[in-house]
Amino acid sequence: MRGAQLLPDTGEPGFGVYVHWPFCAAKCPYCDFNSHVRHQPVDQERFAAAFLKEMATMRMISGPKTVTSVFLGGGTPSLMKPETVGAVLDGIARTWHVPDGIEITMEANPSSVEAERFRGYRAAGVNRVSMGVQALNDRDLKFLGRLHNVDDALKAIRLAREIFPRMSFDLIYARPNQTVEEWERELRQAISYAVDHLSLYQLTIEEGTPFYGLHKAGKLIVPDGDQSALLYEATQEITEREGMPAYEVSNHARPGAESRHNLTYWRYGDYAGIGPGAHGRLTRGPQKLATATERKPESWLEMVERDGHGMVDQEMLGFDEQADELLLMGLRLREGVDLARWQQLSGRDPDPQREAFLLEHGFIERIGNSRLRCTPAGMLVLDSVVADLAC
């Protein structure tokens, strides 16, 4: 797990392991992820033992596999002790085959307390960190409910660059009253700090969050569709020019530095989802099993200790459902969708009239005879393109 140079990307979907740490120091007002604040210390040893127990169940479903990536997500995984991370990674290595040099990512928040743990995480086997910076000015960090300031973020970025072979951080744009010029300055600043990867997300208002209530009451105004499109286009132009083009709708990397784990999702590979609220996709013969676990951490913990897993939903996906998911995920990628794989699952070719319409209007394009992808214009209306092709 402590292997050296990252293995090259083969272009295959691979097999990933996702472990969800559901706890945060505070709940951000825009966040609808399965994250929870606890004011008493979390029993990390008990949760680590439950992760390992659920892994054993997932191994019985998946069979023997070679892991191509591991992702510790959340929540805030950097609230885990390095010993907890080490126990989880060692458990994965005992459960499946884990070659040296695979990507092992941990999400982190850039507070000074968590940054001090980075060396411990590296020693445990983490070789890539993804940090939730979200903004590079203190006003917007406060608006987004973040606990760090810009100085904290820059300190954590510098430390991560020293310790980890690979590092990424997130920014949220299309914030209230944000102009294209302001975003361009902030993005150029971000690129100057980045090593090889950035995740750049538009602010979305999700139901059930504090921002949703404010937005519904007219107290939170976000950029309209036209302004959001301008911000998106500026994002693509600047990152492309600076050598970090989009390889997925919201993810940008220097060639070869793409997130291997996320490519597994978008290439519609298999992955085991471990922990509260985790989702998975595991192939069983011609079908694919979709799994989902109990979201509430304490309930999940009791279920795992009693039953060996916390799964509350297991659904066998037929060929049509797999074809739709393949299209939905693959069209997010710059490399597009493998048409032969889609045709094999769906049992048909794309509807010629719908494809001709989308081609004529510049929303999709063919890459030879083997792949289909969205154009930059198509990415702006991705949901509509997917819906048209899936019919």
In the structure I gave you, are the side-chain heavy atoms of [X] and [Y] within less than 4.5 Å of one another anywhere?
X: Thr293; Y: Ile274; answer: no
X: Leu187; Y: Thr235; answer: yes
X: Thr209; Y: Glu206; answer: yes
X: Glu107; Y: Phe71; answer: yes
X: Arg128; Y: Met167; answer: no
X: Met106; Y: Val85; answer: yes
X: Pro176; Y: Leu220; answer: yes
X: Thr57; Y: Met311; answer: yes

- Item | Of all pairs that satisfy salt bridge (charged side-chain N to carboxylate O under 4.0 Å, His left out), the ones with a partner from residues 345-367, not counting sequence neighbours | Arg354-Asp388, Glu355-Arg366, Glu365-Arg373
- Query: Which salt bridge (charged side-chain N to carboxylate O under 4.0 Å, His left out) pairs, counting each pair once, include a residue from residues 65-80, with sequence neighbours left out?
  - Reply: Lys65-Asp270
Do you know which two heavy atoms are closest between [X] and [Y], and how far apart they sit?
X: Val249; Y: Met379; result: CG2-SD, 3.6 Å
X: Pro110; Y: Ala153; result: CB-CA, 3.8 Å
X: Glu103; Y: Leu6; result: N-CD1, 3.5 Å
X: Pro29; Y: Leu144; result: CD-O, 3.2 Å

- With Arg267 as partner, the option from Glu248, Glu335, Glu12 fulfilling salt bridge (Lys or Arg N to Asp or Glu O under 4.0 Å) is Glu335
With a 4.0 Å cut-off, would you call [X] and [Y] a salt bridge?
X: Arg281; Y: Glu315; value: no
X: Arg175; Y: Glu186; value: yes
X: Glu305; Y: Arg46; value: yes

- Task: Report yes or no: does Arg185 contribute a side-chain atom to a donor-acceptor pair with the main-chain N or O of Val180 at less than 3.5 Å?
- Result: no
- Thr68 (side chain) donor-acceptor with Phe15 (main chain) under 3.5 angstrom: yes
- Task: Establish, from distance only, whether the side-chain atoms of Thr84 and Gln44 form a donor-acceptor pair under 3.5 Å.
- Result: yes
- Message: I'd like to know if the side chain of Asn251 pairs up with that of Ser199 as donor and acceptor (distance under 3.5 Å, no hydrogens or angles considered).
- Response: yes
Taking the six-membered ring for Trp, are the ring centroids of [X] and [Y] within less than 6.0 Å of each other?
X: Phe51; Y: Trp300; value: yes
X: Phe211; Y: Phe143; value: yes
X: Trp266; Y: Tyr268; value: no

Hey, what's the ring geometry for [X] with [Y], parallel, tilted or perpendicular (30° and 60° as the breaks)?
X: His361; Y: Phe357; answer: tilted
X: Phe118; Y: Phe164; answer: perpendicular
X: Tyr265; Y: Tyr271; answer: perpendicular
X: Tyr247; Y: His197; answer: perpendicular

- Determine whether more than 12 heavy atoms belonging to other residues, nucleotides or ligands lie under 6.0 Å from atom NZ of Lys296. no
- Query: Quick check: are there more than 12 heavy atoms from other residues, nucleotides or ligands sitting under 6.0 Å from CG of Asp313?
  - Reply: yes
- What pairs meet the ring-ring contact (aromatic ring centres under 6.0 Å, His included) rule with one or both residues in residues 120-140, with sequence neighbours excluded? none
- Message: For a side chain to side chain donor-acceptor pair (under 3.5 Å) check, start with the C-alpha distance between Ser111 and His148, then their side-chain angles and the critical distance, and finish with the verdict.
- Response: CA-CA 5 Å; Ser111 72; His148 63 273; over 6 Å; no
- Task: Mind checking the CZ-CG spacing from Phe363 to Leu331? Nearest 0.5 Å is all I need.
- Result: 13.5 Å
- Message: Nearest 0.5 Å, please: how far is CG in Asn109 from CG in Leu79?
- Response: 7.5 Å
